[in-house]
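Following: one structure in structure tokens, then a few remarks.
Values reported hereafter were calculated over all heavy atoms of this structure, with side chains retained and with hydrogens, waters and symmetry mates removed. Just so it is clear, the structure is predicted and the values come from calculations on it, not from any experiment.
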Amino acid sequence: MATTERPPSTGRLRAWMLEGLSDLAKQHPGPHAEPEPAHKGQRWWRVMCLTGVDYFSTLGYQPGIAALAAGLLSPVATIVLVVVTLAGALPVYRRVAEESPRGEGSIAMLERLLSFWKGKLFVLTLLGFAATDFLITITLSAADASTHLVENPHLTEALQGKQMLITLFLVALLGAVFLKGFLEAIGVAVALVGVYLMLNLVVVITGLWHVVTAGHVITDWSGALTTEHGNVFVMIGVALIVFPKLALGLSGFETGVAVMPHVQGDPGDTDERPAGRIRDTKKLLTTAALVMSCFLITTSFITTLLIPEREFKPGGDANGRALAYLAHEYLGNAFGTVYDVSTIAILWFAGASAMAGLLNLMPRYLPRYGMAPHWARAVRPMVIVFTLVAFLVTWIFDANVDKQGSAYATGVLVLISSAAIAVTIAARKAGQHGWTLAFGAISTVFLYTTVVNVIERPDGVKIGACFIVGIMLISLLSRLARAFELRVTDVTLDPMAERFVRDMAHRRIRFIANKPGRRDKAEYRDKAEQIRADNDMPEQEDFVFVEVTVTDPSEFEARLTVRGEVLHDRYRVLTLESASIPNALAALLLHVRDATGCTPHIYFEWTEGSPFANFLRFFLFGQGEVAPVTREVLREAEPDRDRRPRVHTG
């Protein structure tokens, strides 16, 4: 009796691991997918909450980090941060929203400005820092969430000394959710952000009331400031110096642009002119920046004046949880516990948002460059990779919020600096001299801040460099592994080219691969005579010449448009442009075969020089040893030898 053999467990596991892409990929389709209708989406204030789980959640640790970095000057340094936010980062990202209304962000802007391999390498470098930003968001948020758990008065005894285990558990739980399947829920984000901001408002109002009613607090603080720094100008100068250490408060702008496709916009919006989406995204960015600025100033003020300095230091009750400390101190442990739960929830969801950003960011670029293995298109293997890296980062930094701040700030500052540079270049190209000078000045401020942050706290750039090296190494190996892959997504022939193919289909289809030179009559005559002599063919055999012009060899996938022309009243020539000559020729041959049902033949001359050097020329510049590479591309694309187009080399 016949039995049905069950597939091996390894096969089922592999199928499960490689099943589809993330849910978010449906909302952020690849470059060849049809765009979503412009009218779909959510109101801008709801989408603001989606980016707010990342941006607003920094209130969980920002006041404590500011107090550690600036001490009594924390409120003054925070005012400097707010000025830079509203006068620098906000105008930059409002312009980024105009330039990339599909949510591509500043990286895509710079990608368009730079071509060839230098553009790809620059983008890969920025991706490394972006990966630093998102991964540290995951680990830092989990670490701060565990801090709120451990320091809660009801749980301190049970959880003391277990912060590392709790942080790893939260990171693992995040990975497990994405392995199961995760779709960003704007409704959940709205609830989390609404509750969290309301609780923070209660803490801020309570703190300000205690500051006002206890008049000596302000007097003591101002007196200590004068004693320590002398006068206002010295205070401002010192605040400008320590400001880079507070750069965590600038996070959220890149995410704010990335969520643009979720913004509803106007009914009349089109994919080319989404005016309503751009307008509402500017509202989103402006409102988020204003709300966050108000909270940054007020929270830094009350935490500096009401919390003893020793409590901010490692081991202190306010370390990594300054506002939670005030909530427990002035509003009781019941309210404080509610505040802790809200903070833990929004911090965990900020990690989820960062993971979703990672899973969308890498497929947006690497597959188009041919710099990602095939399994990287599936969400589950990437979740495992990112989770393991998050484990490593958590272990390296000992699940400590303060230690991770520099790496996080570096990633944030590099992305904001790149955005400022991108909009400066865009304004210059548009002939907007005033905006060019303004954005140039903003770029200088952010570059200064980035350099100072890197010099004082090099951990961030070291972590970023590790990600950059890893991404580039994997990208290079992937590009090498996929070098002989058929990379043409579509082939289109103009009417003259179709006429040539239909005519040849009545006989044997013969092409001559020709490197265009002077394109005079002698060039084509000599080439045809040489091919006939090399292959011992009779005089009456006719050919169609094929000439490929290499455009940007760093590109991987592209469409192919074939144009036909008759030169010198005799020679039929097909011309096409592509990033790679062998791939273009192979795609043309397969298209002609499928269109006519006939097996085409193509004739080459051997290329002089070292085979290894010619391969490098093909890999880097899209040309080189064309004949054998064309044959190899055809072999991989068509396993059936009988149906494979014929390649002849003389």
Side-chain angles (χ1 to χ4, degrees), residues 115-117 483-484 486-488 491-494 496-497 500-501 504 509-537 541-556 558-592 600-635 637 645-650:
S115 60
F116 298 97
W117 285 106
F484 302 119
L486 187 66
R487 294 154 17 189
V488 176
V491 179
T492 304
L493 276 64
D494 73 357
M496 183 63 76
F500 293 166
V501 171
M504 287 191 297
I509 302 176
R510 299 186 189 274
F511 294 109
I512 293 178
N514 182 54
K515 182 179 180 180
R518 299 184 305 274
R519 304 194 81 199
D520 57 11
K521 187 174 182 179
E523 177 181 333
Y524 296 104
R525 183 191 63 234
D526 295 344
K527 185 75 172 183
E529 290 178 355
Q530 181 179 349
I531 292 297
R532 288 192 181 100
D534 289 344
N535 295 274
D536 194 22
M537 288 190 297
E541 288 288 345
D542 64 339
F543 304 94
V544 171
F545 293 89
V546 183
E547 298 176 346
V548 182
T549 301
V550 177
T551 51
D552 183 352
S554 65
E555 291 293 337
F556 192 74
R559 302 184 63 176
L560 200 63
T561 300
V562 185
R563 298 175 177 84
E565 57 182 325
V566 178
L567 298 180
H568 312 295
D569 298 323
R570 178 177 180 182
Y571 299 106
R572 295 173 295 176
V573 182
L574 298 179
T575 60
L576 46 153
E577 295 181 345
S578 175
S580 167
I581 295 176
N583 277 275
L585 294 175
L588 173 63
L589 293 172
L590 291 170
H591 178 81
V592 169
H601 296 247
I602 189 166
Y603 297 85
F604 296 90
E605 293 181 56
W606 282 114
T607 304
E608 297 295 329
S610 164
F612 179 73
N614 282 328
F615 174 75
L616 287 180
R617 288 181 61 211
F618 158 70
F619 181 74
L620 296 174
F621 306 113
Q623 46 193 326
E625 191 64 274
V626 177
V629 176
T630 302
R631 193 264 177 190
E632 182 62 21
V633 173
L634 287 169
R635 189 184 68 82
R646 304 294 192 261
V647 175
H648 306 266
T649 307

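Using a 4.5 Å heavy-atom threshold, the side chains of Leu493 and Phe500 count as separate. The shortest side-chain heavy-atom distance between Ser578 and Leu560 falls under the 4.5 Å cut-off. Residues Ile602 and Pro645 are not in side-chain contact: their nearest non-hydrogen atoms beyond the backbone lie 4.5 Å or more apart. For the pair Val546/Ile512, no side-chain contact is recorded, criterion being any heavy-atom separation below 4.5 Å from C-beta on. Two residues are said to be in side-chain contact when any heavy atoms from C-beta on lie closer than 4.5 Å; Leu585 and Phe604 meet this criterion. In this structure, Val573 and Val544 have side chains that are not in contact, with every pair of non-hydrogen atoms separated by 4.5 Å or more. You'll find the side chain of Asn514 reaches within 4.5 Å of the side chain of Glu523, heavy atoms only. With contacts defined as side-chain heavy-atom distances shorter than 4.5 Å, the pair Thr549/Thr575 does not qualify.
Residues that satisfy the side-chain hydrogen bond (donor to acceptor under 3.5 Å, both in side chains) test with Arg519, not counting sequence neighbours, are Tyr524, Glu547, Glu565. The side-chain hydrogen bond (donor to acceptor under 3.5 Å, both in side chains) check on Thr492 picks up Asp490, with sequence neighbours excluded. Here Glu577 pairs with nothing under the side-chain hydrogen bond (donor to acceptor under 3.5 Å, both in side chains) rule; sequence neighbours left out.
When atom types are taken as modelled, the side chain of His568 and the backbone of Lys521 share a donor-acceptor pair closer than 3.5 angstrom. The backbone N or O of Gly564 sits less than 3.5 Å from a side-chain atom of Asp494, completing a donor-acceptor pair.
Between atom CZ of residue Phe545 and atom CD1 of residue Ile531 there is a gap of 8.5 Å, rounded to the nearest 0.5 Å. For the atom pair CG (Leu589) and OG1 (Thr630), the distance works out to 8.0 Å, reported to the nearest 0.5 Å. The CZ atom of Arg570 sits 8.5 Å away from atom CZ of Arg525, with the distance rounded to the nearest 0.5 Å. The CG atom of Asp520 sits 10.0 Å away from atom OH of Tyr571, with the distance rounded to the nearest 0.5 Å. Between the CZ atom in Phe511 and the CZ atom in Phe543 there is a gap of 12.0 Å [rounded to 0.5 Å].
Residues Ala586 and Val633 come closest through the heavy atom pair CB-CG1, 3.6 Å. Considering all non-hydrogen atoms of both residues, His648 and Asn535 come closest at CB-OD1, 3.9 Å. When every heavy atom of Leu576 is checked against every heavy atom of Ala584, the shortest pair comes out as CD1-CB, 3.7 Å.
Under the 4.0 Å criterion applied to side-chain N and carboxylate O atoms, Arg532 and Glu529 are not assigned as salt-bridge partners.
Around CZ of Arg646, the count of heavy atoms belonging to other residues, nucleotides or ligands within 6.0 Å exceeds 12.
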